[in-house]
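First the structure, in the form of structure tokens, and then the observations on it.
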Amino acid sequence: MDAQTPITFVVTGRVTRADVPALCAELEALLTRSPAAVVDCDVHGVPGADLTLVEAVARLALVARRAGARLRLRHAPGELRSLLGLVGLAEVVGPGGTDPDPP
């Protein structure tokens, strides 16, 4: 794997505040083993969107940034994109950092 090849980080199930530190630690460990400059964070398996998921995305983006990478959301539902925009965190995943809803 090289810096040009994105790595995929999958988040599934309902995310609670107690889950966030473990998710961040998991991403940090993954980034220490990879020179990737981009992390594709797939949230397709997360039911619904709430502020806890917004917090998780923001903290995962910070972990990626500290490792010199950028977080891109994949399969982010419209409600998550809307919440990120509503709380002023749309740019957390950077311009073009999300893709459309899954088919």
Side-chain angles (χ1 to χ4, degrees):
M1 186 180 304
D2 60 35
Q4 300 301 320
T5 305
I7 58 173
T8 300
F9 185 76
V10 179
V11 179
T12 59
R14 174 82 46 207
V15 176
T16 67
R17 292 197 81 198
D19 297 327
V20 176
L23 288 170
C24 291
E26 185 180 342
L27 179 58
E28 187 173 15
L30 184 62
L31 286 166
T32 61
R33 298 186 307 267
S34 170
V38 176
V39 176
D40 285 336
C41 182
D42 186 333
V43 294
H44 180 71
V46 177
D50 57 20
L51 290 177
T52 302
L53 181 57
V54 168
E55 177 187 357
V57 167
R59 290 186 53 192
L60 290 169
L62 182 59
V63 168
R65 191 169 303 155
R66 285 181 178 160
R70 182 172 67 89
L71 187 81
R72 292 188 303 200
L73 286 181
R74 293 291 176 233
H75 306 116
E79 58 199 19
L80 176 56
R81 292 191 309 266
S82 294
L83 275 174
L84 286 167
L86 185 66
V87 298
L89 293 174
E91 294 302 313
V92 147
V93 291
T98 62
D99 64 357
D101 291 335

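Along the sequence shown, the residues carry numbers beginning at 1.
- Checked against side chain to side chain donor-acceptor pair (under 3.5 Å), Thr12 has no partners two or more places apart in sequence or in another chain.
- Side-chain atoms of Arg70 never come within 3.5 Å of backbone atoms of Ala64 as a donor-acceptor pair (strictly under, hydrogens ignored).
- Contact between Val20 and Ala56 at its shortest, heavy atoms only, is CG2-CB, 3.9 Å.
- The CG atom of Leu23 lies 5.0 Å from the CZ atom of Phe9; values are rounded to the nearest 0.5 Å.
- The distance from the CD atom of Glu28 to the CG atom of Leu60 is 11.0 Å, given to the nearest 0.5 Å.
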Please assess Val11 against Cys41 for the test side chain to side chain contact (heavy atoms under 4.5 Å, CB included), listing each intermediate value before the final yes or no. CA-CA 7 Å; Val11 179; Cys41 182; 3.9 Å; yes
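- Side-chain contact between Leu89 and Val57 is absent, with no heavy atoms from C-beta onward closer than 4.5 Å.
- The two atoms that bring Ala69 and Ala36 nearest to each other are CB-O, 3.7 Å, heavy atoms only.
- Judged by distance alone, the side chain of Ser82 and the main-chain N or O of Gly78 form a donor-acceptor pair under 3.5 Å.
- The side chain to side chain contact (heavy atoms under 4.5 Å, CB included) search around Ala67 returns Leu31, not counting sequence neighbours.
- Residues passing the side chain to side chain contact (heavy atoms under 4.5 Å, CB included) test with Thr16, sequence neighbours excluded: Ala18, Asp19.
- By the rule that hydrophobic residues join a cluster once side-chain heavy atoms approach within less than 4.5 Å of another member, Leu51 and Leu80 end up as members of one cluster.
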Side chain to side chain contact (heavy atoms under 4.5 Å, CB included) between Leu84 and Leu73: does it pass, once the steps are laid out? CA-CA 11 Å; Leu84 286 167; Leu73 286 181; 3.7 Å; yes
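- The side chain to side chain contact (heavy atoms under 4.5 Å, CB included) search around Glu55 returns Arg17, Arg59, not counting sequence neighbours.
- When hydrophobic clusters are built by joining Ile, Leu, Val, Met, Phe, Trp and Tyr residues whose side-chain heavy atoms come closer than 4.5 Å, directly or via intermediates, Val87 is grouped together with Val43.
- Sorted by first and then second residue, the salt bridge (charged side-chain N to carboxylate O under 4.0 Å, His left out) pairs involving residues 33-50 (not counting sequence neighbours) are Arg14-Asp50, Asp40-Arg72, Asp40-Arg74.
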